[in-house]
Amino acid sequence: MNNQIRNQSPGKISFSDDKVVRSGGPNLFYEIPAEEIKVIGEFTTADGPWFDDWFITIITKDDWYEIPMDASGINELLDDLGKRLGTSLKWELVGSTKWKTRIMYPESAMGKDLYKLVDVGPKSLWYWIKKIFGLQK
C-alpha cells in the first residue's frame, strides 16, 4: 500500500516515457508504468476544505497510489494517460462533500464503486457517544 505520502504536499504529477511520475521538489515519489495499470478511479471524502478530500487512485497488480486532485499537472496527466489507454478519463465527483467513489478505467467497470465502505462495528463506548452527538460517522 502506497498511502504513506497521502498527507505530504501534492507535488507534481505527469505522464512521461509511458509512466505516471509523481514527484515533489527534487524527490521522486514513484513511477508507474502504463502497462501495469489495472484500475483508475476517483474518490472524495468529507475532509475538506482544510485537508485534501478529492483523489485519483491508480491500482496495479501489486500496489495502489492516491494522487490528490490538486497535484500540479493532474489535468494533463488525465488527458495523456487517457490517450495512452484509449479512453477518456474525466472526473465527475467535483464538488462532493462526502464519501463517494467511482471507477474511471477500465471502461467495463466505469461508474461502479471504486471502494466500498464496510462498517466493522464499534469497538468502544466512546464510539457510540461520539456517534450520538454527531461527532462520529
Side-chain angles (χ1 to χ4, degrees):
M1 163 165 73
N2 212 319
N3 201 21
Q4 66 269 19
I5 61 174
R6 181 174 179 183
N7 295 321
Q8 293 181 0
S9 165
K12 181 175 178 15
I13 192 78
S14 63
F15 189 69
S16 177
D17 297 325
D18 211 36
K19 296 177 190 164
V20 174
V21 179
R22 184 166 175 207
S23 59
N27 301 319
L28 174 66
F29 294 146
Y30 52 75
E31 294 180 330
I32 309 166
E35 70 268 4
E36 293 182 12
I37 296 172
K38 304 293 183 198
V39 177
I40 301 172
E42 68 176 321
F43 74 96
T44 58
T45 70
D47 291 343
W50 297 281
F51 300 102
D52 286 335
D53 64 345
W54 187 21
F55 299 87
I56 293 294
T57 298
I58 297 177
I59 301 172
T60 65
K61 178 182 172 195
D62 299 318
D63 215 341
W64 58 273
Y65 305 84
E66 291 179 352
I67 305 164
M69 289 298 281
D70 61 348
S72 175
I74 193 74
N75 292 325
E76 294 83 1
L77 170 74
L78 292 176
D79 288 343
D80 295 343
L81 187 56
K83 288 176 189 168
R84 165 58 172 83
L85 298 173
T87 191
S88 178
L89 299 176
K90 300 293 181 198
W91 59 65
E92 293 182 5
L93 302 182
V94 64
S96 175
T97 58
K98 59 184 178 180
W99 176 261
K100 277 189 168 182
T101 73
R102 68 177 275 278
I103 293 174
M104 302 164 71
Y105 171 87
E107 288 184 7
S108 60
M110 193 177 293
K112 293 182 181 176
D113 286 339
L114 176 64
Y115 299 115
K116 284 199 185 253
L117 289 180
V118 178
D119 187 4
V120 295
K123 298 192 187 295
S124 69
L125 178 61
W126 183 240
Y127 170 92
W128 284 110
I129 293 170
K130 291 191 310 184
K131 182 136 179 114
I132 290 168
F133 288 102
L135 303 173
Q136 181 73 45
K137 293 186 181 204

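Quick caveat, the model's predicted, so the values are computed rather than measured. Quick note: numbers below take in every heavy atom, side chains included, and nothing from hydrogens, waters or symmetry partners.
- No side-chain heavy atom of Tyr65 sits less than 4.5 Å from a side-chain heavy atom of Arg22.
- Taken to the nearest 0.5 Å, the NZ atom of Lys83 stands 10.5 Å off from the OG atom of Ser88.
- When hydrophobic clusters are built by joining Ile, Leu, Val, Met, Phe, Trp and Tyr residues whose side-chain heavy atoms come closer than 4.5 Å, directly or via intermediates, Met110 is not grouped with Val39.
- Of the possible donor and acceptor atoms, one in the side chain of Thr101 sits under 3.5 Å from a partner among the backbone N and O of Tyr115.
- With sequence neighbours excluded, no residue satisfies salt bridge (Lys or Arg N to Asp or Glu O under 4.0 Å) with Lys112.
- For the atom pair CZ of Phe43 and CG of Asp113, the computed distance is 13.0 Å after rounding to the nearest 0.5 Å.
- In this structure Leu85 satisfies the side-chain contact (heavy atoms from CB on, under 4.5 Å) test together with Ile40, Leu81, Thr87, Tyr105, sequence neighbours excluded.
- No chain of hydrophobic side-chain contacts below 4.5 Å, direct or via other Ile, Leu, Val, Met, Phe, Trp or Tyr residues, connects Val21 to Ile74.
- Taking hydrophobic clusters as Ile, Leu, Val, Met, Phe, Trp and Tyr residues chained together by side-chain heavy-atom distances below 4.5 Å, Leu28 does not share a cluster with Val20.
- When all heavy atoms of Glu42 and Trp54 are compared, the closest pair comes out as OE1-NE1, 3.0 Å.
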Quick one: do Met69 and Ile56 satisfy side chain to side chain contact (heavy atoms under 4.5 Å, CB included)? Show the steps, please. CA-CA 7 Å; Met69 289 298 281; Ile56 293 294; 3.1 Å; yes
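- In terms of heavy-atom proximity, Arg102 sits nearest to Gly111 at CB-O, 4.3 Å.
- Atom-to-atom distance recorded for Thr57:OG1 and Met104:CE is 10.0 Å, nearest 0.5 angstrom.
- Considering all non-hydrogen atoms of both residues, Tyr30 and Glu66 come closest at OH-O, 3.8 Å.
- Taking all atoms of both residues into account, the shortest heavy-atom contact from Trp64 to Ile59 is CB-CG1, 4.0 Å.
- One distance of note links NZ of Lys38 with NZ of Lys61; it measures 8.0 Å at 0.5 Å rounding.
- In this structure, CZ in Phe29 is found 11.5 Å from CD1 in Ile67, a value given to the nearest 0.5 Å.
- The distance from atom CG of Asn75 to atom CG of Leu89, rounded to the nearest 0.5 Å, is 11.5 Å.
- Between Lys19 and Pro33, the shortest heavy-atom distance links the atoms CG-CA, 3.9 Å.
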